[in-house]
Amino acid sequence: MIRLGEKQELIIVKEVEFGVYLAVSAEEAEERVLLPKRQVPEGAKPGDAVPVFIYRDSRDRMIATVREPKLQMGQVAELTVAQVGKIGAFLDWGLEKDLLLPFKQQRGSVSQGDKVLVSLYIDKSDRLCATMNVYDSLRTDSPYKRDDRVTGRVYEMSDNFGAFVAVDNLYSGLIPRKELYGDVELGRDVSVRVLQVRQDGKLTLGIRDKAYLQIDRDAEEILALMDSQGGFLPFTDKASPERIKQETGMSKNEFKRAVGRLLKERKIEIKEYSIQKLQSCEK
């Protein structure tokens, strides 16, 4: 069977003026596909096997190519938006005909020149299209273990679950809602820590480092925030968790731990309604 969207080795079963026809075998020559003349390997003849990729041309006819596409069925790849039309965006995937990314398969706004993470699917009209819903195409056999630092693309945001991440643009990962801190945005890359490798191979991820490392970073961020506001914060660790999160991006417990570290190191003093940076800590 000739498989759309896949690279496979087919047999030359007929030569014509404009190319050669390929089939799975000489015995199954009724189902065949054209390889245009300009792409036929030099010296190729009937009976020879040729590795080709199968897609559809501008007339929606199934056609073979010896070119290497940037994306095949079952894979995930980052492609560049060549242009945006009335029915969706068209992506450069290394073939003569650009790949359609329908509007309904997009996540967020897409513009010309953007790089988007997509996988392939076959639509109701038996055409190859791209989708930014790559969850089912991501692999679960990553080489990573707990506490490894990894980088990935946020491809979906969920109010219920958190941020879905394609680690290395290959592996399935999730930053749970309770682990979301700072600026985590759809379509952006994030540096995260592996919190757990689940039994199904998917990765549970976290933005923040281990506590003993994170306290130092949080303390430095607090000092930098104070510097940007004249050397003080107009609230203390007794403020509401919501305000602390809004002002610093930290949970109340994380903020209190970092403030405690700075207090112990005599870099700050806590007043009734504010936190003041001590002059001895000034650069």
Side-chain angles (χ1 to χ4, degrees), residues 108-109 115 142-169 171 173-198 202-283:
S109 61
K115 294 184 181 299
S142 84
Y144 299 115
K145 60 184 184 303
R146 183 176 178 178
D147 291 330
D148 283 348
R149 296 295 302 187
V150 297
T151 301
R153 175 73 53 85
V154 178
Y155 65 88
E156 187 170 345
M157 298 290 293
S158 166
D159 291 337
N160 293 325
F161 299 104
F164 289 89
V165 178
V167 175
D168 297 340
N169 289 351
Y171 307 111
L174 171 69
I175 306 173
R177 185 178 176 183
K178 66 179 181 180
E179 296 291 340
L180 286 175
Y181 296 95
D183 297 326
V184 178
E185 298 180 16
L186 182 68
R188 297 289 184 88
D189 290 336
V190 290
S191 176
V192 289
R193 180 167 63 95
V194 177
L195 302 180
Q196 178 189 19
V197 180
R198 293 172 31 179
K202 296 174 183 177
L203 305 174
T204 301
L205 309 169
I207 296 292
R208 302 176 74 76
D209 265 320
K210 289 183 176 181
Y212 73 92
L213 294 174
Q214 194 63 50
I215 290 175
D216 291 337
R217 291 199 175 108
D218 289 344
E220 290 299 320
E221 288 184 15
I222 290 172
L223 290 177
L225 183 60
M226 295 175 76
D227 286 338
S228 70
Q229 299 185 163
F232 80 103
L233 295 180
F235 59 92
T236 71
D237 56 357
K238 294 181 180 179
S240 68
E242 292 76 19
R243 184 175 185 188
I244 290 173
K245 182 69 177 290
Q246 180 181 4
E247 297 281 352
T248 68
M250 304 174 195
S251 69
K252 183 163 184 172
N253 285 338
E254 289 164 340
F255 181 72
K256 290 182 71 172
R257 285 196 293 265
V259 166
R261 170 69 62 82
L262 293 173
L263 193 64
K264 184 178 180 180
E265 295 174 350
R266 298 183 179 180
K267 294 181 177 180
I268 61 170
E269 65 175 336
I270 300 178
K271 298 183 177 295
E272 186 175 2
Y273 299 111
S274 65
I275 299 176
Q276 186 77 39
K277 186 175 180 181
L278 294 177
Q279 289 185 351
S280 60
C281 184
E282 299 289 343
K283 295 180 180 179

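These numbers come from a predicted model, not from an experiment.
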What are the two closest non-hydrogen atoms of [X] and [Y], and how far apart are they?
| X | Y | answer |
| --- | --- | --- |
| Pro234 | Gln229 | CD-NE2, 3.6 Å |
| Asp218 | Glu254 | OD2-CB, 3.9 Å |
| Phe235 | Ile275 | O-CG1, 3.5 Å |
| Ala258 | Ala219 | CB-N, 3.8 Å |
| Ala163 | Val184 | CB-CG1, 4.0 Å |
| Met250 | Ile244 | O-CG2, 3.7 Å |

Measuring from atom [atom1] of [X] to atom [atom2] of [Y], what distance do you get when rounded to the nearest 0.5 angstrom?
| X | Y | atom1 | atom2 | value |
| --- | --- | --- | --- | --- |
| Lys277 | Leu262 | NZ | CG | 9.5 Å |
| Thr204 | Arg198 | OG1 | CZ | 5.5 Å |
| Ser240 | Glu247 | OG | CD | 9.5 Å |
| Met157 | Arg177 | CE | CZ | 10.5 Å |
| Asp147 | Leu195 | CG | CG | 8.0 Å |
| Glu265 | Leu223 | CD | CG | 8.5 Å |

Worked check of side-chain contact (heavy atoms from CB on, under 4.5 Å) between Val192 and Glu179: CA-CA 10 Å; Val192 289; Glu179 296 291 340; over 6 Å; no

For the pair Lys252 and Asp237, find out whether any cationic side-chain nitrogen is under 4.0 Å from an anionic carboxylate oxygen. no

Less than 4.5 Å apart, side chain to side chain, heavy atoms only: is that true for [X] and [Y]?
| X | Y | result |
| --- | --- | --- |
| Leu174 | Leu205 | no |
| Phe255 | Pro241 | no |
| Lys267 | Leu278 | no |

Would one find more than 12 heavy atoms of other residues, nucleotides or ligands at under 6.0 Å from atom NZ of Lys256? no

Please work out whether the ring planes of Phe164 and Tyr155 are parallel, tilted or perpendicular, with thresholds of 30° and 60°. tilted

Checking Asp168, Asn169, Val167 against Val165 for side-chain contact (heavy atoms from CB on, under 4.5 Å), the one that qualifies is Val167

Going through the distances and angles, do Arg257 and Asn253 end up as a side-chain contact (heavy atoms from CB on, under 4.5 Å)? CA-CA 6 Å; Arg257 285 196 293 265; Asn253 285 338; 4.0 Å; yes

Could you please spell out the steps behind the side-chain contact (heavy atoms from CB on, under 4.5 Å) verdict for Lys145 and Asp148? CA-CA 6 Å; Lys145 60 184 184 303; Asp148 283 348; 3.4 Å; yes

Could you check whether any side-chain N or O of Arg146 sits under 3.5 Å from a backbone N or O of Val197, counting only pairs where one atom can act as donor and the other as acceptor? no

